[in-house]
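Just so we're clear, the structure is a prediction, and the values are computed from it rather than from any experiment.
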Amino acid sequence: LLDWLGRGYTVAVAATLLAALVRYALDDLLRDTAPLLPFFGAVVVGAWAGGWWAGLLATVLSIATIAWAFLPPRLDLAMAGWPFDGFRAT
């Protein structure tokens, strides 16, 4: 059972990484129009391979990756629209 669960989580992480690489490869074509597109497949594959918790892991990793790499400000942990201008999460 533990081996099966570990494999599901590994598939969820690998699928999210693959989705990020595909989205990065398509970045010139898509820019800011469809940041979520490849990550739907990662969540579905993660949930299929490992169940509900692996799908939730893929969802959380996808959200974090999208927010950091594909939404402005890109590659920055600053909180856009944060009410305190002096606060930065970097």
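- No path of Ile, Leu, Val, Met, Phe, Trp and Tyr side chains, each step under 4.5 Å between heavy atoms, connects Tyr9 with Val11, placing them in separate hydrophobic clusters.
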Side-chain donor-acceptor distances from residues 52-65 under 3.5 Å, at least two apart:
residue, atom, partner, partner atom, Å
Thr59, OG1, Gly55, O, 2.8
Ser62, OG, Ala58, O, 2.7
Thr65, OG1, Leu61, O, 2.8

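- Annotation: side chain to side chain contact (heavy atoms under 4.5 Å, CB included) contacts of Leu71 (sequence neighbours excluded): Pro35, Ile66.
- Among pairs with a residue in residues 33-53, none fulfils salt bridge (Lys or Arg N to Asp or Glu O under 4.0 Å), at least two apart in sequence or across chains.
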Below 3.5 Å, can you tabulate the donor-acceptor pairs from side chains in residues 16-28 to any protein atom, sequence neighbours excluded?
residue, atom, partner, partner atom, Å
Thr16, OG1, Ala12, O, 2.9
Arg23, NE, Ala34, O, 3.2
Arg23, NH1, Asp27, OD1, 3.1
Arg23, NH2, Arg31, O, 2.4
Asp27, OD1, Arg74, NH1, 3.1
Asp27, OD1, Arg74, NH2, 3.2
Asp27, OD2, Arg31, NH1, 3.3
Asp27, OD2, Arg74, NH1, 2.9

